[in-house]
Amino acid sequence: MDLRQTLTKQFNPLVSHVERTFEHVIGSGAALMVIHRDEIVMETYWGKQSLEQSARTVQADTQFHAASVRKSYIGYAAAYAVTCGAIASIDDQVMKYLPHLDEERMTGTTIRHLLTHTHGLHGTYTGEIVREFPAGSSWAYRGVGIDMLAQIVKRTTGKTIAQIVQEQVFQPLGFMETGWRAQMDPKMVEVIRKPDDTSWYTSTSTEGDKMNLYVSARELAYWGYFHLKKGFVDGKQLVPREVIDLATTVQSPPLQDKDLPQNGFLWFVKDLPADKTEIGERVPRGSYQILGYTGVTLLVIPEHEFVAVRMFNSFGSPPGYDYLGDVRGFGDCAMRCLLES
(Lines give C-alpha, C1' and ligand atoms only; values in the text may rest on other atoms or scores of the structure.)
Protein backbone atom coordinates (compact mmCIF):
# COMPACT_ATOMS: atom_id res chain seq x y z
CA MET A 1 0.00 0.00 0.00
CA ASP A 2 1.42 3.36 -1.00
CA LEU A 3 -0.86 6.38 -0.72
CA ARG A 4 0.00 9.73 -2.27
CA GLN A 5 1.21 12.34 0.20
CA THR A 6 -0.28 15.83 -0.07
CA LEU A 7 0.55 17.69 3.13
CA THR A 8 -1.85 20.46 4.14
CA LYS A 9 -2.15 23.06 6.89
CA GLN A 10 -5.77 22.04 7.44
CA PHE A 11 -4.76 19.65 10.23
CA ASN A 12 -2.20 21.88 11.97
CA PRO A 13 -4.50 22.15 15.04
CA LEU A 14 -4.22 18.37 15.39
CA VAL A 15 -0.44 18.72 15.37
CA SER A 16 -0.72 21.28 18.17
CA HIS A 17 -3.01 18.94 20.12
CA VAL A 18 -0.48 16.10 19.95
CA GLU A 19 2.33 18.49 20.91
CA ARG A 20 0.41 19.57 24.03
CA THR A 21 -0.21 15.95 24.99
CA PHE A 22 3.46 15.14 24.43
CA GLU A 23 4.35 17.90 26.91
CA HIS A 24 2.08 16.39 29.59
CA VAL A 25 2.92 12.69 29.35
CA ILE A 26 6.23 11.18 30.40
CA GLY A 27 7.83 10.01 27.18
CA SER A 28 10.63 10.65 24.72
CA GLY A 29 8.92 10.38 21.33
CA ALA A 30 5.67 10.90 19.46
CA ALA A 31 4.17 10.73 15.99
CA LEU A 32 1.06 11.84 14.10
CA MET A 33 -0.29 10.44 10.84
CA VAL A 34 -3.49 11.57 9.08
CA ILE A 35 -5.15 10.11 5.97
CA HIS A 36 -8.00 12.05 4.37
CA ARG A 37 -9.77 11.10 1.15
CA ASP A 38 -7.14 8.57 0.12
CA GLU A 39 -4.17 10.87 0.70
CA ILE A 40 -1.65 11.28 3.51
CA VAL A 41 -2.27 14.86 4.55
CA MET A 42 -0.20 15.03 7.74
CA GLU A 43 2.86 13.11 8.90
CA THR A 44 4.91 14.47 11.81
CA TYR A 45 7.45 12.99 14.24
CA TRP A 46 8.88 14.26 17.52
CA GLY A 47 11.75 13.33 19.83
CA LYS A 48 13.75 10.16 20.21
CA GLN A 49 13.05 6.46 20.70
CA SER A 50 14.29 6.49 24.30
CA LEU A 51 15.60 8.84 26.97
CA GLU A 52 19.21 7.95 26.15
CA GLN A 53 21.14 10.90 24.77
CA SER A 54 22.38 8.80 21.85
CA ALA A 55 18.92 7.37 21.08
CA ARG A 56 17.66 7.10 17.51
CA THR A 57 15.39 9.92 16.33
CA VAL A 58 11.72 9.00 15.92
CA GLN A 59 11.04 8.64 12.19
CA ALA A 60 8.79 6.96 9.65
CA ASP A 61 9.99 3.41 10.38
CA THR A 62 10.01 3.80 14.18
CA GLN A 63 7.82 1.13 15.79
CA PHE A 64 5.81 2.08 18.88
CA HIS A 65 4.43 -0.29 21.50
CA ALA A 66 0.73 -0.50 20.62
CA ALA A 67 -0.55 -1.68 24.05
CA SER A 68 -4.33 -2.27 23.82
CA VAL A 69 -4.47 -1.15 20.20
CA ARG A 70 -3.49 -4.79 19.64
CA LYS A 71 -7.10 -5.67 20.38
CA SER A 72 -8.22 -4.38 16.98
CA TYR A 73 -6.11 -7.16 15.40
CA ILE A 74 -7.65 -9.74 17.73
CA GLY A 75 -11.08 -8.36 16.84
CA TYR A 76 -10.28 -8.75 13.16
CA ALA A 77 -9.20 -12.37 13.65
CA ALA A 78 -12.40 -13.11 15.60
CA ALA A 79 -14.51 -11.52 12.85
CA TYR A 80 -12.71 -13.67 10.29
CA ALA A 81 -13.40 -16.78 12.40
CA VAL A 82 -17.12 -15.93 12.41
CA THR A 83 -17.22 -15.13 8.70
CA CYS A 84 -15.51 -18.36 7.67
CA GLY A 85 -17.79 -20.41 9.95
CA ALA A 86 -15.14 -21.50 12.45
CA ILE A 87 -17.19 -19.75 15.13
CA ALA A 88 -20.86 -20.53 14.57
CA SER A 89 -22.22 -17.45 16.36
CA ILE A 90 -20.96 -14.79 18.72
CA ASP A 91 -23.95 -15.64 20.90
CA ASP A 92 -22.50 -19.10 21.49
CA GLN A 93 -21.50 -19.85 25.07
CA VAL A 94 -17.77 -19.53 25.70
CA MET A 95 -17.86 -23.00 27.31
CA LYS A 96 -18.69 -24.47 23.91
CA TYR A 97 -15.20 -23.56 22.74
CA LEU A 98 -13.29 -23.59 26.04
CA PRO A 99 -14.83 -26.52 27.94
CA HIS A 100 -11.98 -26.65 30.45
CA LEU A 101 -13.18 -23.45 32.18
CA ASP A 102 -15.26 -23.50 35.36
CA GLU A 103 -18.82 -24.12 34.19
CA GLU A 104 -20.54 -22.42 37.12
CA ARG A 105 -18.46 -19.26 36.84
CA MET A 106 -18.86 -19.07 33.04
CA THR A 107 -22.63 -19.60 33.00
CA GLY A 108 -24.32 -17.23 30.55
CA THR A 109 -21.05 -15.84 29.19
CA THR A 110 -20.99 -15.64 25.38
CA ILE A 111 -18.40 -14.65 22.81
CA ARG A 112 -20.38 -11.41 22.31
CA HIS A 113 -19.71 -10.57 25.94
CA LEU A 114 -15.96 -11.15 25.46
CA LEU A 115 -15.89 -8.93 22.37
CA THR A 116 -17.71 -6.03 24.03
CA HIS A 117 -16.16 -6.03 27.53
CA THR A 118 -19.49 -7.05 29.06
CA HIS A 119 -18.45 -10.52 30.26
CA GLY A 120 -18.10 -9.49 33.92
CA LEU A 121 -15.00 -11.62 34.55
CA HIS A 122 -11.77 -10.53 36.17
CA GLY A 123 -8.45 -12.35 36.43
CA THR A 124 -6.61 -12.10 39.75
CA TYR A 125 -2.84 -11.94 40.21
CA THR A 126 -2.95 -15.59 41.34
CA GLY A 127 -4.46 -16.66 38.02
CA GLU A 128 -7.97 -17.22 39.37
CA ILE A 129 -10.96 -15.98 37.38
CA VAL A 130 -13.63 -14.28 39.46
CA ARG A 131 -16.98 -12.76 38.52
CA GLU A 132 -17.59 -9.03 39.05
CA PHE A 133 -21.12 -8.86 37.63
CA PRO A 134 -23.53 -11.07 35.64
CA ALA A 135 -22.57 -11.41 31.99
CA GLY A 136 -24.23 -8.79 29.80
CA SER A 137 -25.34 -6.57 32.69
CA SER A 138 -22.53 -3.99 32.73
CA TRP A 139 -19.15 -3.08 31.20
CA ALA A 140 -15.56 -3.41 32.47
CA TYR A 141 -12.23 -3.32 30.66
CA ARG A 142 -10.54 -6.60 31.68
CA GLY A 143 -7.79 -8.58 29.99
CA VAL A 144 -9.13 -12.03 30.83
CA GLY A 145 -11.73 -11.79 28.06
CA ILE A 146 -9.02 -10.99 25.51
CA ASP A 147 -7.06 -14.08 26.52
CA MET A 148 -10.16 -16.22 26.05
CA LEU A 149 -10.82 -14.74 22.60
CA ALA A 150 -7.28 -15.49 21.47
CA GLN A 151 -7.67 -19.10 22.62
CA ILE A 152 -11.02 -19.45 20.84
CA VAL A 153 -9.64 -18.08 17.56
CA LYS A 154 -6.70 -20.49 17.66
CA ARG A 155 -8.83 -23.51 18.57
CA THR A 156 -11.48 -22.85 15.93
CA THR A 157 -9.33 -21.73 12.99
CA GLY A 158 -6.16 -23.69 13.72
CA LYS A 159 -4.21 -20.46 13.28
CA THR A 160 -2.87 -17.82 15.63
CA ILE A 161 -3.93 -14.17 15.57
CA ALA A 162 -0.57 -13.28 14.05
CA GLN A 163 -0.88 -15.90 11.30
CA ILE A 164 -4.34 -14.71 10.30
CA VAL A 165 -3.47 -11.02 9.99
CA GLN A 166 -0.08 -11.77 8.43
CA GLU A 167 -1.59 -13.91 5.68
CA GLN A 168 -4.66 -11.78 5.01
CA VAL A 169 -3.42 -8.23 5.56
CA PHE A 170 0.26 -7.70 6.35
CA GLN A 171 1.68 -9.79 3.52
CA PRO A 172 -0.66 -8.55 0.74
CA LEU A 173 -0.12 -4.93 1.77
CA GLY A 174 3.62 -5.27 2.28
CA PHE A 175 3.64 -4.45 6.00
CA MET A 176 7.14 -4.78 7.42
CA GLU A 177 6.81 -2.55 10.50
CA THR A 178 4.03 -4.35 12.36
CA GLY A 179 4.40 -7.45 14.49
CA TRP A 180 4.56 -9.15 17.87
CA ARG A 181 8.21 -8.86 18.84
CA ALA A 182 10.05 -11.40 20.98
CA GLN A 183 13.08 -9.14 21.40
CA MET A 184 14.01 -5.49 20.98
CA ASP A 185 15.10 -4.05 17.65
CA PRO A 186 16.90 -0.75 16.90
CA LYS A 187 13.75 0.61 15.26
CA MET A 188 11.55 -0.03 18.32
CA VAL A 189 10.88 2.58 21.00
CA GLU A 190 11.61 2.06 24.65
CA VAL A 191 8.42 2.35 26.68
CA ILE A 192 8.90 5.02 29.35
CA ARG A 193 7.28 3.88 32.59
CA LYS A 194 7.63 3.81 36.34
CA PRO A 195 9.96 0.94 37.37
CA ASP A 196 7.42 -0.37 39.87
CA ASP A 197 4.41 -0.32 37.53
CA THR A 198 2.95 -3.81 37.99
CA SER A 199 0.67 -3.48 34.94
CA TRP A 200 3.67 -3.60 32.59
CA TYR A 201 4.86 -6.94 31.27
CA THR A 202 6.73 -8.27 28.28
CA SER A 203 6.33 -11.48 26.33
CA THR A 204 8.27 -13.58 23.86
CA SER A 205 5.09 -14.94 22.24
CA THR A 206 4.75 -14.09 18.56
CA GLU A 207 1.25 -15.55 18.24
CA GLY A 208 -0.55 -12.22 18.58
CA ASP A 209 -2.07 -13.09 21.95
CA LYS A 210 0.11 -10.93 24.20
CA MET A 211 0.87 -7.26 24.80
CA ASN A 212 4.02 -7.03 22.68
CA LEU A 213 2.75 -5.60 19.40
CA TYR A 214 4.96 -2.92 17.86
CA VAL A 215 3.86 -0.87 14.85
CA SER A 216 4.94 2.24 12.99
CA ALA A 217 2.61 5.25 12.80
CA ARG A 218 2.28 4.80 9.05
CA GLU A 219 1.34 1.11 9.18
CA LEU A 220 -1.12 1.69 12.00
CA ALA A 221 -2.75 4.41 9.88
CA TYR A 222 -2.81 1.97 6.94
CA TRP A 223 -4.45 -0.61 9.24
CA GLY A 224 -7.18 1.96 9.93
CA TYR A 225 -7.40 2.79 6.22
CA PHE A 226 -7.78 -0.91 5.42
CA HIS A 227 -10.85 -0.92 7.69
CA LEU A 228 -12.15 2.37 6.28
CA LYS A 229 -12.07 0.87 2.76
CA LYS A 230 -13.68 -2.35 4.07
CA GLY A 231 -10.81 -4.46 2.83
CA PHE A 232 -10.81 -3.05 -0.72
CA VAL A 233 -7.30 -1.73 -1.29
CA ASP A 234 -5.12 -1.27 -4.38
CA GLY A 235 -8.01 -2.30 -6.62
CA LYS A 236 -8.58 -5.62 -4.85
CA GLN A 237 -11.08 -6.91 -2.29
CA LEU A 238 -8.50 -8.55 -0.03
CA VAL A 239 -10.99 -9.84 2.54
CA PRO A 240 -14.79 -10.11 2.62
CA ARG A 241 -16.47 -6.81 3.54
CA GLU A 242 -18.44 -8.73 6.15
CA VAL A 243 -15.30 -9.20 8.24
CA ILE A 244 -14.80 -5.44 8.54
CA ASP A 245 -18.52 -4.73 9.00
CA LEU A 246 -18.70 -7.19 11.89
CA ALA A 247 -15.62 -5.75 13.56
CA THR A 248 -16.56 -2.08 13.30
CA THR A 249 -20.30 -1.99 14.03
CA VAL A 250 -21.94 -2.07 17.45
CA GLN A 251 -22.19 -5.59 18.87
CA SER A 252 -22.79 -4.67 22.52
CA PRO A 253 -25.80 -6.29 24.22
CA PRO A 254 -28.53 -3.93 25.50
CA LEU A 255 -27.32 -2.48 28.80
CA GLN A 256 -29.37 -0.76 31.48
CA ASP A 257 -26.77 1.99 31.82
CA LYS A 258 -26.96 3.74 28.43
CA ASP A 259 -23.87 5.85 29.18
CA LEU A 260 -21.48 2.88 29.06
CA PRO A 261 -19.14 2.55 26.05
CA GLN A 262 -20.29 0.65 22.97
CA ASN A 263 -18.11 -1.84 21.15
CA GLY A 264 -17.83 -3.77 17.94
CA PHE A 265 -15.29 -6.58 17.85
CA LEU A 266 -13.27 -4.83 20.60
CA TRP A 267 -13.25 -1.52 18.67
CA PHE A 268 -14.99 1.36 20.46
CA VAL A 269 -17.84 2.40 18.18
CA LYS A 270 -19.70 5.73 18.18
CA ASP A 271 -23.44 5.09 18.22
CA LEU A 272 -25.95 6.57 20.63
CA PRO A 273 -24.74 9.40 22.93
CA ALA A 274 -22.95 7.96 25.97
CA ASP A 275 -21.20 9.94 28.71
CA LYS A 276 -18.59 7.24 29.32
CA THR A 277 -17.58 6.77 25.69
CA GLU A 278 -13.92 7.17 24.79
CA ILE A 279 -14.75 8.88 21.48
CA GLY A 280 -15.09 12.67 21.20
CA GLU A 281 -18.52 14.28 21.41
CA ARG A 282 -18.23 15.89 17.97
CA VAL A 283 -17.21 12.66 16.25
CA PRO A 284 -20.19 11.35 14.21
CA ARG A 285 -22.02 8.05 14.54
CA GLY A 286 -20.45 5.17 12.68
CA SER A 287 -16.92 6.20 13.66
CA TYR A 288 -14.68 3.79 15.55
CA GLN A 289 -11.54 4.02 17.64
CA ILE A 290 -9.00 1.89 19.45
CA LEU A 291 -6.50 3.15 22.03
CA GLY A 292 -3.72 1.92 24.24
CA TYR A 293 -2.13 2.62 27.61
CA THR A 294 0.95 4.01 25.86
CA GLY A 295 -1.15 6.88 24.48
CA VAL A 296 -1.44 5.29 21.03
CA THR A 297 -4.77 6.09 19.38
CA LEU A 298 -6.29 5.08 16.04
CA LEU A 299 -9.48 6.93 15.00
CA VAL A 300 -11.50 6.17 11.85
CA ILE A 301 -14.31 8.50 10.73
CA PRO A 302 -15.94 6.91 7.65
CA GLU A 303 -18.32 9.84 7.11
CA HIS A 304 -15.32 12.03 6.28
CA GLU A 305 -13.03 9.33 4.77
CA PHE A 306 -10.64 10.10 7.58
CA VAL A 307 -8.03 8.15 9.58
CA ALA A 308 -5.83 9.62 12.31
CA VAL A 309 -3.08 8.00 14.38
CA ARG A 310 -1.18 9.46 17.30
CA MET A 311 1.71 7.61 18.92
CA PHE A 312 3.60 8.09 22.20
CA ASN A 313 5.98 5.89 24.19
CA SER A 314 4.57 6.86 27.58
CA PHE A 315 3.11 4.05 29.69
CA GLY A 316 0.25 5.23 31.89
CA SER A 317 -0.90 8.66 33.00
CA PRO A 318 1.09 11.07 35.17
CA PRO A 319 -0.68 12.88 38.05
CA GLY A 320 -3.12 15.50 36.82
CA TYR A 321 -3.32 14.17 33.27
CA ASP A 322 -6.88 13.41 32.12
CA TYR A 323 -6.26 10.57 29.68
CA LEU A 324 -9.87 10.04 28.58
CA GLY A 325 -10.51 13.77 28.29
CA ASP A 326 -7.40 14.11 26.16
CA VAL A 327 -8.26 11.27 23.79
CA ARG A 328 -11.80 12.63 23.39
CA GLY A 329 -10.26 16.00 22.66
CA PHE A 330 -8.11 14.44 19.96
CA GLY A 331 -11.23 13.30 18.11
CA ASP A 332 -13.04 16.58 18.63
CA CYS A 333 -10.00 18.49 17.35
CA ALA A 334 -9.98 16.30 14.24
CA MET A 335 -13.63 17.12 13.65
CA ARG A 336 -12.99 20.86 13.96
CA CYS A 337 -10.29 20.53 11.32
CA LEU A 338 -12.67 18.65 9.03
CA LEU A 339 -15.71 20.90 9.52
CA GLU A 340 -13.90 24.24 9.43
CA SER A 341 -11.94 23.53 6.26
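Along the sequence shown, the residues carry numbers beginning at 1. These numbers come from a predicted model, not from an experiment.
- Between Val69 and Trp223 there is no side-chain heavy-atom pair separated by less than 4.5 Å.
- The side-chain hydrogen bond (donor to acceptor under 3.5 Å, both in side chains) test applied to Thr294 returns no partner, not counting sequence neighbours.
- For the residue pair Thr124/Thr126, the side-chain donor-acceptor check at 3.5 Å is satisfied.
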Using atom types as modelled, flag every donor-acceptor pair under 3.5 Å from a side chain in residues 309-320 to any protein atom, sequence neighbours excluded.
| residue | atom | partner | partner atom | Å |
| --- | --- | --- | --- | --- |
| Arg310 | NE | Gly295 | O | 3.3 |
| Arg310 | NE | Thr297 | OG1 | 3.1 |
| Arg310 | NH1 | Asp326 | OD2 | 2.7 |
| Arg310 | NH2 | Asp326 | OD2 | 3.2 |
| Asn313 | OD1 | Ser28 | N | 2.9 |
| Asn313 | OD1 | Gly29 | N | 3.1 |
| Asn313 | ND2 | Ser28 | OG | 2.8 |
| Asn313 | ND2 | Glu190 | O | 2.9 |
| Ser314 | OG | Ile26 | N | 3.3 |
| Ser314 | OG | Ile26 | O | 3.0 |

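- More than 12 heavy atoms of other residues, nucleotides or ligands shown are found within 6.0 angstrom of CD on Glu132.
- At a threshold of 4.5 Å between non-hydrogen side-chain atoms, the residues Thr249 and Tyr288 do not count as touching.
- With respect to the salt-bridge test (charged N to carboxylate O, under 4.0 angstrom), the residues Arg328 and Glu281 do not qualify.
- Salt bridge absent: Lys276 and Asp259 never bring a charged side-chain N and a carboxylate O closer than 4.0 Å.
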Tyr76/Gln168 under side-chain hydrogen bond (donor to acceptor under 3.5 Å, both in side chains): CA gap, chis, key distance, verdict: CA-CA 10 Å; Tyr76 173 87; Gln168 298 185 12; 2.5 Å; yes
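- Between Asp61 and Arg56, at least one side-chain N (NZ, or NE/NH1/NH2) sits under 4.0 Å from a carboxylate O, which counts as a salt bridge.
- Between Leu14 and Ser16 there is no side-chain heavy-atom pair separated by less than 4.5 Å.
- Annotation for Lys154: atom NZ does not count as buried by contact number, only 12 or fewer foreign heavy atoms lying within 6.0 Å.
- Annotation: Trp200 is in aromatic contact with His65 [ring centroid separation under 6.0 Å].
- Using modelled atom types and a 3.5 Å distance limit, the side chains of Gln289 and Glu278 yield no donor-acceptor pair.
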Go through Tyr222 and Leu173 one step at a time and tell me if the side-chain contact (heavy atoms from CB on, under 4.5 Å) criterion holds. CA-CA 9 Å; Tyr222 283 168; Leu173 296 182; 5.8 Å; no
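- Aromatic ring orientation, Phe268 versus His117: parallel (interplanar angle below 30°, classes split at 30° and 60°).
- For Ala31 against Ala217, the heavy-atom pair with the smallest separation is CB-CB, 3.9 Å.
- If you look at Phe306 and Tyr225, their ring centroids are not closer than 6.0 Å.
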Please lay out, stage by stage, how Ile35 and Val41 fare under the test side-chain contact (heavy atoms from CB on, under 4.5 Å). CA-CA 6 Å; Ile35 299 173; Val41 295; over 6 Å; no
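- No hydrogens or angles considered: a donor-acceptor pair under 3.5 Å links the side chains of Ser216 and Glu177.
- Crowding of Met176 atom CE: a count of heavy atoms from other residues, nucleotides or ligands under 6.0 Å not exceeding 12.
- Inter-residue side-chain proximity for Tyr293 and Ser68 is flagged as unmet; no heavy-atom pair is nearer than 4.5 Å.
- Within a 6.0 Å sphere centred on NE2 of His24, other residues, nucleotides and ligands contribute 12 heavy atoms or fewer.
- The pair Asp332-Arg282 fails the salt-bridge criterion, with no side-chain N (NZ, NE, NH1 or NH2) lying under 4.0 Å from an Asp/Glu carboxylate O.
- Lys71 forms no cation-pi arrangement with Phe265, by the criterion of a distance under 6.0 Å to the ring centre and an angle within 45° of the ring axis.
- Checked options Leu246, Leu115, Thr118; the residue passing with Gln251 is Leu246 (criterion: side chain to side chain contact (heavy atoms under 4.5 Å, CB included)).
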Let me have the donor-acceptor pairs involving side chains of residues 231-240, under 3.5 Å, with sequence neighbours excluded, atom names and distances please.
| residue | atom | partner | partner atom | Å |
| --- | --- | --- | --- | --- |
| Gln237 | NE2 | Lys230 | O | 2.7 |
| Gln237 | NE2 | Val239 | O | 2.8 |

